Amino acid sequence: MKQLTARPLAKAAAFVAAGALAVFGLAGCSNSEPASDSSTEGGSTEGKTYEIVADNAFAPFEFLQEGSDGTYVGVDMDILAAIAEDQGFEYTVDNCGWDAAIGNLNTGQADGMIAGMSITEERQENYDFSDPYYEGGQIMIVKGDSSIASYEDLAGQTVAVKTGTQSASFANSIADEYGFTVVTYDDSPAVYAAVTGGIDAAGFEDYAVISYQIENQDLDLKMVGDQQQITPYGFAVLKGQNPELIEMFNAGLANLQESGKLAEIFATYGIEI
Ligand code: GLN
């Protein structure tokens, strides 16, 4: 297998527009006490405030509202709010970014995670997922004027992905076959910057996310080929932890589906489900 390298963020950041740069500065989860405290030991969730972690630059699922002072919006944020209201539970959400969010979930510093997270078989060994609320795959992206038109054209090139994502595992799974090297970045804007800046010849990203970016952010990127690994998205807890949270999420999600509220939330961000 080709060597997997991680590019220093600074190198890619140099190519990022000022607006996207602001996102980097906001990353980082608070490292508080483990979220699951003794108050839930008796099975009671009364009075508990669930700590949820999320991605920070993954529009339209979660992203910093333009012109706001640290308010995150998006499909995931709206679904979470609507389900909590429907089911009557309290929560806080920390948009600390994909990698940090997984870290905090793994160490029990967070109770749950929502981040356009694909329900993969591998992840199901470590996490319990809710019922799916969306389904999507990944797609290759190249710079607007790139002549790369297929995976075959990637021979000898580098390909940008976000650490620990399905895009990363897909790129790694075909790297040998097509003779390219996978380069990992900490967040999605860094992946886009690496491709628009000509650092890497191509990248992979979730289809819904890159479609939204291209449409709304005027990025100099185009998609090539078909979606890969179409997989459902779900809300996650650490395996065996906070089972009541998954139950409430599922019950609330079913209500949102039935009332049409779920479709309404997606429609707000231009997605038809
Ligand atoms: N859906 C992808 C995954 O779960 C990417 C998620 C993300 O980058 N927030 O791997």
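Whatever order the structure lists ligands and atoms in, that order sets their numbers, starting from 1. As a basis for the values below, the full set of heavy atoms in this structure was taken, side chains included, without hydrogen atoms, waters or symmetry mates. Note that the structure is a prediction, hence the values are computed from the model and not measured.
- Considering backbone and side-chain atoms alike, D206 places an N or O below 3.5 Å from some N or O of ligand 1.
- In K162, the part holding a heavy atom less than 4.0 Å from any atom of ligand 1 is the side chain.
- A donor-acceptor pair shorter than 3.5 Å cannot be found between the side chains of Q217 and Y212.
- The nearest heavy-atom contact from the protein to atom 7 (C) of ligand 1 is F58 CZ, 3.3 Å.
- Side-chain N or O atoms of K143 include one that pairs as donor or acceptor with a backbone N or O of T196 at under 3.5 Å.
- Classification of the F61-F266 ring pair by plane angle, with boundaries at 30° and 60°, yields perpendicular.
- Atom numbering of ligand 1 starts at 1 in the shown order; those under 4.0 Å from a heavy atom of Q166 are 3 (C), 10 (O).
- Within the 3.5 Å criterion, the main-chain N or O of D186 finds no donor-acceptor partner in the side chain of W98.
- Between the side chains of Y91 and D111, no donor N or O sits under 3.5 Å from an acceptor N or O.
- Considering backbone and side-chain atoms together, T165 places no N or O closer than 3.5 Å to any N or O of ligand 1.
- If you check which protein heavy atom lies closest to atom 6 (C) of ligand 1, you get G116 O, 3.4 Å.
- Within the 4.0 Å heavy-atom criterion, the part of R123 lying near ligand 1 is the side chain and not the backbone.
- Residue-ligand proximity, A115 to ligand 1, at heavy-atom distances under 4.0 Å covers atoms 6 (C), 7 (C), 9 (N).
- Less than 4.0 angstrom separates some heavy atom of M117 from each of these atoms of ligand 1: 4 (O).
- With a heavy-atom cut-off of 4.0 Å, D55 touches ligand 1 through its side chain alone.
- Of all non-hydrogen atoms in V182 and A175, the two that sit nearest each other are CG2-CB, 4.0 Å.
- Using cut-offs of 30° and 60° for the angle between ring planes, the Y178 and F180 rings count as parallel.
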